[in-house]
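Computed from a predicted model, the values in this text were never measured in an experiment.
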Amino acid sequence: MSRAARLLDLLQLLRNRHQPVTGPDLARELGVSIRTLYRDIATLQAQGADIQGEPGLGYVLRPGFTLPPLMFSADEIEAIVLGSRWVAARADDNRLSASAKQAMSKILAVLPAELRDRAEATNLLVARIGLEPAQVDAGQIRLAIRNERKLVIRYDDLSGAATERVIWPFMIGFFEKVRIVAAWCEMRQDFRSFRVDRISAMAVSEERYPKRRAVMLKEWWEREGIAPP
């Protein structure tokens, strides 16, 4: 096993433990000497991992750890850069766009110099296109999805007729010029898709919807006959 792979395995072991784990236990699981284990912990700490503890007491990885230096193939580097540029160029609000740029900056900051240069020099471009302007804060829709909260919306159909809906949003689909919210509609008692640019008013309810988001997403995949990504 390479040292890079061993460091990643060590991180994964620590992430999976919510209580301190002793050095000897970690060394035994990794199949290395205790001296190598202590050296690896010191290396990760120097690279920014918030590993707390000391010999005899055990170690724990605190939340919020940034990525250690990682090794990527040329194709993986281009996929990461292209994805972040796509989100930055086509996000539905400034926060998501800024977050994509910040995430890419964090990844670049911890890449070895050669890989960082390769990522910054990649020749993949994402064209900016005009999105249909939204009248509501799309960030609030994403927040409702994360928190499994109902949304109360006023929705305008193609003819301009407005209806009041209570929906259970579980996914946002990003297409060329529009964003689609997949949700369960209480009025229709069925799955429905809503264009974000046609939601003219919206309020996030304090009420959680009764189904888990993951369950509805699975049911929706099966209903539409689409293989999950």
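- Between the Thr36 side chain and the Val32 main chain, no donor and acceptor come within less than 3.5 Å of each other.
- Residue-environment remark: CZ (Arg212) stays at or below the threshold of 12 foreign heavy atoms within 6.0 Å.
- At distances below 3.5 Å, not a single donor-acceptor pair connects side-chain atoms of Arg198 with backbone N or O atoms of Phe194.
- A salt bridge links Asp40 to Arg6: one of the charged nitrogens lies within less than 4.0 Å of a carboxylate oxygen.
- Asp156 is not listed as a side-chain neighbour of Thr163, based on a closest heavy-atom distance of 4.5 Å or more.
- In this structure, CD1 in Ile145 is found 11.5 Å from CD in Gln140, a value given to the nearest 0.5 Å.
- Contact check for Val181 versus Val196: side-chain heavy atoms found under the 4.5 Å cut-off.
- For the atom pair CG of Leu82 and CD1 of Ile80, the computed distance is 11.0 Å after rounding to the nearest 0.5 Å.
- Connection of Tyr38 to Leu13 is established within a shared hydrophobic cluster, with ILVMFWY side chains joined at heavy-atom distances below 4.5 Å, either directly or through further cluster members.
- Nearest heavy-atom pair, Pro20 versus Leu57, reported as atom, atom and distance to 0.1 Å: CB-O, 4.1 Å.
- The only member of Glu207, Glu186, Glu148 that meets side-chain hydrogen bond (donor to acceptor under 3.5 Å, both in side chains) when paired with Trp168 is Glu186.
- Tyr155 contributes a side-chain N or O that, together with a main-chain N or O of Arg195, makes up a donor-acceptor pair within less than 3.5 Å.
- A chain of hydrophobic side-chain contacts below 4.5 Å, direct or via other Ile, Leu, Val, Met, Phe, Trp or Tyr residues, connects Ile141 to Phe174.
- The shortest distance between side-chain heavy atoms of Arg142 and Leu96 falls below 4.5 Å.
- A pairwise comparison of heavy atoms in Pro24 and Ile34 identifies N-CD1, 3.5 Å as the closest pair.
- Heavy-atom neighbours of Glu206 CD from other residues, nucleotides or ligands within 6.0 Å: at or below the threshold of 12.
- Counting all heavy atoms, side chain and backbone alike, Met202 lies closest to Ile153 at CG-CG2, 3.9 Å.
- Looking only at side-chain heavy atoms (C-beta outward), Val21 and Val60 stay at 4.5 Å or farther from each other.
- Put simply, Leu11 and Leu30 are part of the same group of oily side chains (I, L, V, M, F, W, Y) that touch within less than 4.5 Å, one to the next.
- The CG atom of Leu61 sits 10.0 Å away from the CD atom of Gln12 when rounded to the nearest 0.5 Å.
- Although no hydrogens or angles enter the test, the distance criterion places a donor-acceptor pair under 3.5 Å between the side chain of Ser200 and the main chain of Arg154.
- In this structure a side-chain-to-backbone donor-acceptor pair under 3.5 Å is present from Ser97 to Ala88.
- Here the shortest heavy-atom pairing between Leu14 and Tyr59 reads CD2-O, 4.0 Å.
- In this structure a side-chain-to-backbone donor-acceptor pair under 3.5 Å is present from Asp157 to Ser159.
- Between the side chain of Arg192 and the backbone N or O of Ala182, no donor-acceptor pair lies under 3.5 Å.
- Of the possible donor and acceptor atoms, none in the side chain of Arg35 sits under 3.5 Å from a partner among the backbone N and O of Ser33.
- Between Phe170 and the options Tyr209, Trp221, Phe191, a ring pair (Phe, Tyr, Trp, His ring centres under 6.0 Å) holds for only Phe191.
- The nearest pair of heavy atoms linking Pro169 to Arg149 is CD-O, 3.4 Å.
- In the hydrophobic clustering of ILVMFWY residues, with side-chain heavy atoms under 4.5 Å counting as a link, Ile167 and Ile172 come out together.
- Across all their heavy atoms, Asp190 and Arg223 have their closest contact at OD1-NH1, 2.7 Å.
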